[in-house]
Amino acid sequence: MKRLLGTVCLFACLLALTITPLAALTPTYTVTGAYRSSHYHKNLTAITKTGDKALDTVAAALSQLGYNEGNSTAQFNGTNKTGNKNYTEYNRFIGTIGGSYSYAWCAAFVSWCLDVAEAGEAAGGRFTSCTLWVEKLQALGLYSTRASGYVPKAGDLIFFRSAGTARASDHVGLVRFVQNGRVFTVEGNASNKVGLHDYALKDTYIVGYGRPQYQTASLSTSPAEWEDRASGLYIITYDFVNVRDKAAATGKKQGTLPHGTLVEVKSISDGWGEITYKDKTAYISLDYADFATPVFYRVNYVANGGENTPPVSSYLSVSTATVTAVVPTLAGHVFSHWQDEAGAAFTAGDVLPQGDLTLTAVFTPVKEEAVPEDGAPEGDLPEGEGIPPTAPDAPPPSNTPSPDTENTLSSTRAAAEAGTVSGVLAAVAGLWWAIRKFRLL
């Protein structure tokens, strides 16, 4: 969607989570068979709750893009493109009024989205009347008029009043984001269906905004930060989009995705999103799709026979994941690094590629020192071992001999030299005697 301009920070929120059960967005009531069989129910349950209930509420609304009201309860699947009798699954959620489900459903749709995101009471409860909803929010101190200059946020309720209408409001939708002086919305019962719209912030059709108390931390100041930049689930917003075998308009066409299809974009390059289509890698132009919600990826650590295995972690596609600092242990080995299935090596703090990963610990054996047969290790003896003990109070050894020591050494050397000479003369005399006796000379 190229209308989103300006410099924004894609990774405004770096979110890393210790794994918890990941739950899909699911209606809190028993849905009708007609709705359960629809792709709108499939879209909804493909979305994982992020914990940001404002974002989840908007994601629930986007998953219903293209849903059209029906003419009977048999058409709660939302696929009757010419239906105009107000029969919707969202009215079924609220219940009958005057014995019928055929009533204006914009407020019922917003109530349904809040409930699916587990934020049913964040905006004062369920409503079918926009005027009564405005009055409730005013009483709770959760309403701001357009004239106040309030700038709405993702997940806010946006109330409208048609020209000539005496009521406080006759239509309501959900705010997606604000950009370049315009507010972008998703609304039910606009031309009989769920659709996307945008307005100037000063448009007098807008009367005010409801500010639900979601009571959860926001993952971002605006989902616009992720548009065409972050991987995640995207909703097809055009009549259809071509699927191609490469990220270019010249790529061979593989098929098409119709309006309202929710598809996982795994990576983005130059306005093209990588998807999986019929079990093959393919690409779509993001000019025809809008960011709906991030997806979760898992990192599974395998200790490879060791202990102290790091826990499985999960992270959102709009955040950065890094390698754990937890170090596994294995007797007789030293931990070296983590290795993925392709053989790439990672160490603590390294940024991980997006996607589900399994990292296996790589260890290096510890080199054992050689031990001689007598049991003593080779090399230098321990300090003091093999050296005669020094007498108490004995003076430290010195390299310079004392006078007495020098005299003793001189006498010893003289005696040794004299003994050597005497021995040589005795040997010569003995040999001379033997020669004369045996008349050898």
Side-chain angles (χ1 to χ4, degrees), residues 23-49 56-96 100-118 120 126 128 173-174 176 185-197 232-241 243 255-265 275-278 284 288-293 295:
L25 293 182
T26 308
T28 58
Y29 66 101
T30 301
V31 301
T32 61
Y35 179 74
R36 184 177 296 279
S37 65
S38 72
H39 85 270
Y40 301 106
H41 182 264
K42 179 181 179 181
N43 278 358
L44 179 71
T45 54
I47 297 173
T48 301
K49 296 175 183 176
D56 290 347
T57 298
V58 175
L62 289 172
S63 74
Q64 307 300 291
L65 191 62
Y67 182 102
N68 203 99
E69 64 186 47
N71 296 326
S72 68
T73 56
Q75 296 177 353
F76 280 160
N77 57 14
T79 59
N80 183 0
K81 300 304 180 184
T82 61
N84 60 4
K85 300 299 184 183
N86 288 321
Y87 279 84
T88 66
E89 183 69 21
Y90 320 116
N91 283 356
R92 165 72 167 66
F93 159 70
I94 296 291
T96 60
S100 173
Y101 293 115
S102 181
Y103 53 86
W105 53 279
C106 60
F109 173 69
V110 174
S111 295
W112 181 89
C113 293
L114 287 163
D115 190 74
V116 165
E118 298 181 346
R126 304 176 184 179
T128 58
L174 284 165
R176 295 174 60 207
T185 68
V186 53
E187 304 165 25
N189 201 23
S191 300
N192 302 334
K193 61 179 179 291
V194 176
L196 302 180
H197 303 271
L233 294 180
Y234 279 68
I235 190 83
I236 305 303
T237 55
Y238 197 65
D239 291 343
F240 67 91
V241 63
V243 179
T256 61
L257 295 177
H259 178 270
T261 301
L262 197 65
V263 60
E264 181 180 349
V265 172
I275 66 171
T276 298
Y277 183 75
K278 295 183 178 179
I284 60 171
Y288 309 103
D290 282 8
F291 180 88
T293 187
V295 295

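Ring geometry for Y87 versus F76: interplanar angle of 30 to 60°, hence tilted.
Within a 6.0 Å radius of OH in Y238, no more than 12 heavy atoms belonging to other residues, nucleotides or ligands are found. Residue K278 qualifies as open at atom NZ: its count of foreign heavy atoms under 6.0 Å is 12 or below.
For the residue pair Q64 / Y90, a side-chain donor-acceptor distance below 3.5 Å is found, with atom types taken as modelled.
Here the CZ atom belonging to R92 is positioned 7.0 Å from the OH atom belonging to Y29, to the nearest 0.5 angstrom. For the atom pair N80 CG and N68 CG, the distance stands at 6.5 Å (nearest 0.5 Å). Expressed to the nearest 0.5 Å, how far NE2 of H41 lies from OG1 of T32 amounts to 9.5 Å. In this structure, the separation between CG on L257 and CD1 on I236 is 5.0 Å, given to the nearest 0.5 Å. Taking CG of N86 as the reference point, atom OH of Y101 lies at 14.0 Å (rounded to 0.5 Å). To the nearest 0.5 angstrom, T82 atom OG1 is 6.5 Å from N71 atom CG.
With hydrogens and angles disregarded, no donor-acceptor distance shorter than 3.5 Å links the side chain of K42 to the backbone of L262. When atom types are taken as modelled, the side chain of N84 and the backbone of N192 share no donor-acceptor pair closer than 3.5 angstrom. The main-chain N or O of H197 is found under 3.5 Å from a side-chain atom of T185 such that the two form a donor-acceptor pair. Y234 places no side-chain N or O within 3.5 Å of a backbone atom of Y288 that could act as its donor or acceptor partner.
Of all non-hydrogen atoms in T237 and A289, the two that sit nearest each other are OG1-N, 3.8 Å. Annotation for L174 and C113: closest pair CD1-CB, 4.0 Å, computed over non-hydrogen atoms. The nearest pair of heavy atoms linking I235 to G260 is CD1-O, 3.2 Å. Contact between A74 and A34 at its shortest, heavy atoms only, is O-CB, 3.9 Å. For the residue pair P258 and T261, the shortest heavy atom distance occurs at O-OG1, 2.8 Å. Across all their heavy atoms, A59 and I47 have their closest contact at O-CD1, 3.5 Å.
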With a cut-off of 3.5 Å and sequence neighbours excluded, list every side-chain donor-acceptor pair involving residues 102-111.
unit_1, atom_1, unit_2, atom_2, d
S102, OG, K85, O, 2.5
Y103, OH, N91, O, 3.2
Y103, OH, G95, O, 2.6
W105, NE1, E69, OE1, 2.7
W105, NE1, N189, OD1, 3.0
S111, OG, A107, O, 3.0
S111, OG, F127, N, 3.1
S111, OG, F127, O, 3.3

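Two residues are said to be in side-chain contact when any heavy atoms from C-beta on lie closer than 4.5 Å; I284 and V263 meet this criterion. At least one side-chain heavy atom of E118 sits under 4.5 Å from a side-chain heavy atom of K49. Side chains of L25 and S63 form no contact here, defined as non-hydrogen atoms less than 4.5 Å apart. Considering only heavy atoms from C-beta on, V295 stays 4.5 Å or farther from T48 through its side chain. Annotation: side chain of L62 is in contact with side chain of L196 (closest heavy-atom distance under 4.5 Å). In this structure, the side chains of Y67 and E89 come closer than 4.5 Å at one or more pairs of heavy atoms. Side-chain contact between L65 and H259 is present, with at least one heavy-atom pair separated by less than 4.5 Å. Looking at Y35 and N77, their side chains never come closer than 4.5 Å, going by heavy atoms from C-beta outward.
Partners of T28 under the side chain to side chain donor-acceptor pair (under 3.5 Å) rule, at least two apart in sequence or in another chain, are D115.
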